[in-house]
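Working notes, beginning with the structure itself.
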Amino acid sequence: MTDPTLMTDLARLDFAWITTMHILYPPLTIGLASFLLYSEWRWLKTDNDEWYRLTRFFEKLFIINFGAGVATGVTMEMSFGILFGPFSQAAGPFFGNILGYETITAFMYEAGFIGLMIFGWGKISKKMHIFATFNVAFSSMLSAMWILVANSWMQSPTGVHLEKGLFLVDDWTAAIFNPNFLTAFPHMFIASIEIGLFFVAGISAWMIYKNRHAQMFMRTLTASLMALVIVAPLQVYIGDELGRTVAEHDPAALAAMEGHWHTYNADGSPNTSWNLIAWPDEEKGTNTFQIGIPHVLSLLEDHKWVSTVKGLDQFKPEDRPPVLAPFYAFRIMVAAGGILMLVAFWALYLRYKGKFSAEELQRRPWFLRAIIFSAILPYIAIWTGWWTREIARQPWLVHGLMRTSEGVSQMSIAAEIAWFIGFVFFDLVVWIGAWYFFSKVVRTGPDMNEEIMHGVQDDALSLGQMPKKHPPEGKPLIERPTV
């Protein structure tokens, strides 16, 4: 007879792998699409060839990432029915509709404009092309919004009731705009912008470090790092707001994230200590050791010097989430976010001192190395943040309404392992392929031989017509870039 606990653990492990590999790509799609919109706007505004070449260069990386995201997204959609059949059936009235909205209003919308963005160079007007780029960026944001609606509803299910094994929707507005979504979506959206900016900054720093088109890549390095001076602190602020939302609507998850076992001290006073590090012992219901800082937990969660923050001792053992994984994943995420913010401020300081040029930065290789290294940290932050979010919700699949063990498909252990091996193999092939083509594009660098349009009448070009006025002596009538 199949062990239900083992089946639940295997299904969770399988889905953890799938989401961990998939989440590598969509945030970068969102962030990089937004940066492409900015860089193309800079080209149109300045008519500077370098912005055009930079836009086309990063667009190639965007295409690779987009393709990998679509491929791994298909396996994630499959895994809902394969691994969590009872949940998929029960949550269909809400969950299925939300994923359908994502397909219609975001994925198909994005698919319609991405072709224009990729293949439209020289074939449609400049204004139409940047309009297409805008819609790709906007639709990728919409896709993330619907996915976060679905996931946040699992964290704070509102607007539904469970009847005869089905989650029936009573109030679509309440279900969609559930409390967790209102802070989780901005947190993920800003994380996507941050990962896109550091991706651009890391590649630009590499090019400057290797002295390859250094002056040109200073444009994208400066733009991305100066934007991060605002984006990185904003992400920290929104993350704090999300933590307070979790504390209000899922206090057990918050307690696990903080390794907070005891609501009150031995003398009966509220336990306000925030654990910098600790080693949880879930069997004994306490920490084997801990280094705590008094009052910090209250300040973080309630913005008060002394307040009562629920500990895990307020919940039945069977309703407590695992502690070790979310406790350290959460701290890694916070540390990564803090380092990224400091790196952005470091760049601001160098620019304020007048040391932010290619020549000056090449004399400061440690700064360039720090930027290159920092490009990895947003991935680590997104990984650990997602692990924190998903593990701290356990043992619930839909918080307070359906346990994970109730939503798992019933299959043999052999079938579960076979699916796991298949998903691992597929995702690794996609990951290796993506990084192979990433590295190939970076090694090749921007196309410096491509001809660029200048001074073309947009309306005439969009209709496939020639401008009525003759060009100046010695200047071609229409210069079209090579696709």
Side-chain angles (χ1 to χ4, degrees), residues 5-6 8-9 12-13 16 20 155-156 180 183-184 187 236 239-339 377 380-397 399-400 403-405:
T5 302
L6 179 59
T8 301
D9 290 343
R12 286 180 57 202
L13 177 64
T20 295
Q155 309 281 343
S156 56
N180 190 275
T183 46
H187 188 55
V236 173
D240 176 66
E241 290 298 308
L242 179 57
R244 297 182 69 192
T245 299
V246 174
E248 180 180 356
H249 296 279
D250 191 359
L254 187 280
M257 291 159 54
E258 301 294 5
H260 182 57
W261 290 95
H262 307 293
T263 309
Y264 299 98
N265 296 315
D267 60 4
S269 61
N271 179 9
T272 64
S273 181
W274 177 76
N275 296 318
L276 178 64
I277 60 172
W279 191 259
D281 187 331
E282 296 181 25
E283 290 186 3
K284 295 181 179 179
T286 189
N287 295 322
T288 303
F289 76 91
Q290 62 190 33
I291 299 176
I293 307 173
H295 301 291
V296 173
L297 185 62
S298 294
L299 289 171
L300 288 174
E301 307 311 330
D302 292 324
H303 295 180
K304 296 178 181 178
W305 187 247
V306 176
S307 66
T308 302
V309 179
K310 278 188 177 182
L312 289 166
D313 58 2
Q314 300 295 304
F315 303 92
K316 298 176 181 178
E318 61 270 22
D319 292 339
R320 297 173 185 171
V323 180
L324 182 64
F327 179 82
Y328 278 104
F330 178 67
R331 275 148 184 76
I332 293 170
M333 178 192 69
V334 171
I339 292 171
L377 293 181
I380 294 174
I382 284 182
W383 266 352
T384 52
W386 196 257
W387 296 342
T388 300
R389 182 176 176 84
E390 293 301 292
I391 297 173
R393 191 183 67 241
Q394 300 303 316
W396 303 101
L397 199 53
H399 183 255
R403 292 181 178 272
T404 304
S405 58

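Residues take their numbers from the sequence shown, with the count starting at 1.
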Inset, instruction - Please report the C-alpha distance between Thr272 and Trp305 in whole Å, then the side-chain angles of each, then the deciding distance to 0.1 Å, and finally whether the side-chain hydrogen bond (donor to acceptor under 3.5 Å, both in side chains) criterion is met. - result: CA-CA 8 Å; Thr272 64; Trp305 187 247; over 6 Å; no
Can you give me the closest heavy-atom contact between [X] and [Y], atom names plus distance?
X: Thr308; Y: Tyr264; result: CG2-OH, 3.7 Å
X: Ala256; Y: Pro322; result: CB-O, 3.6 Å
X: Ala392; Y: Met257; result: CB-CG, 4.3 Å
X: Ile391; Y: Pro326; result: CG2-CD, 3.7 Å

Legend entry - Donor on one side chain, acceptor on other, Arg393 and Asn180, under 3.5 Å: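 No pair is found: no donor N or O on one side chain lies under 3.5 Å from an acceptor on the other.
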Legend entry - Check: Gln394/Thr404 side-chain N/O donor and acceptor closer than 3.5 Å: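 Looking only at side-chain atoms, Thr404 and Gln394 do form a donor-acceptor pair, the distance falling under 3.5 Å.
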Inset, instruction - Please assess Leu297 against Glu258 for the test side-chain contact (heavy atoms from CB on, under 4.5 Å), listing each intermediate value before the final yes or no. - result: CA-CA 8 Å; Leu297 185 62; Glu258 301 294 5; 3.8 Å; yes
Legend entry - Asp313, Thr286, Asn287, Asn275 screened by side-chain hydrogen bond (donor to acceptor under 3.5 Å, both in side chains) with Trp261, the one that passes: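 The option that passes is Asn287.
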Legend entry - side-chain contact (heavy atoms from CB on, under 4.5 Å) between Leu254 and His260, worked out: CA-CA 8 Å; Leu254 187 280; His260 182 57; 5.9 Å; no
Inset, instruction - Kindly compute the distance separating NE2 (His262) from CG (Leu312), expressed to the nearest 0.5 Å. - result: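 One gets 9.5 Å once the value is rounded to the nearest 0.5 Å.
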Legend entry - Glu301 and Val246: CA distance, side-chain angles, deciding distance, side-chain contact (heavy atoms from CB on, under 4.5 Å) verdict: CA-CA 9 Å; Glu301 307 311 330; Val246 174; over 6 Å; no
Inset, instruction - Not counting sequence neighbours, which residues clear side chain to side chain contact (heavy atoms under 4.5 Å, CB included) with Phe315? List them please. - result: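 Result, side chain to side chain contact (heavy atoms under 4.5 Å, CB included) vs Phe315: Pro251, Ala252, Lys310, Arg320.
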Inset, instruction - Check the pair His399, Asp250 against side-chain hydrogen bond (donor to acceptor under 3.5 Å, both in side chains), reporting the backbone distance first and the verdict last. - result: CA-CA 8 Å; His399 183 255; Asp250 191 359; 3.2 Å; yes
Inset, instruction - Might you confirm whether atom CD of Glu318 has over 12 heavy atoms from other residues, nucleotides or ligands at distances under 6.0 Å? - result: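 It does: Glu318 CD has more than 12 such atoms within range.
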Inset, instruction - Check step by step if side-chain contact (heavy atoms from CB on, under 4.5 Å) holds for Phe327 and Leu324. - result: CA-CA 5 Å; Phe327 179 82; Leu324 182 64; 5.7 Å; no
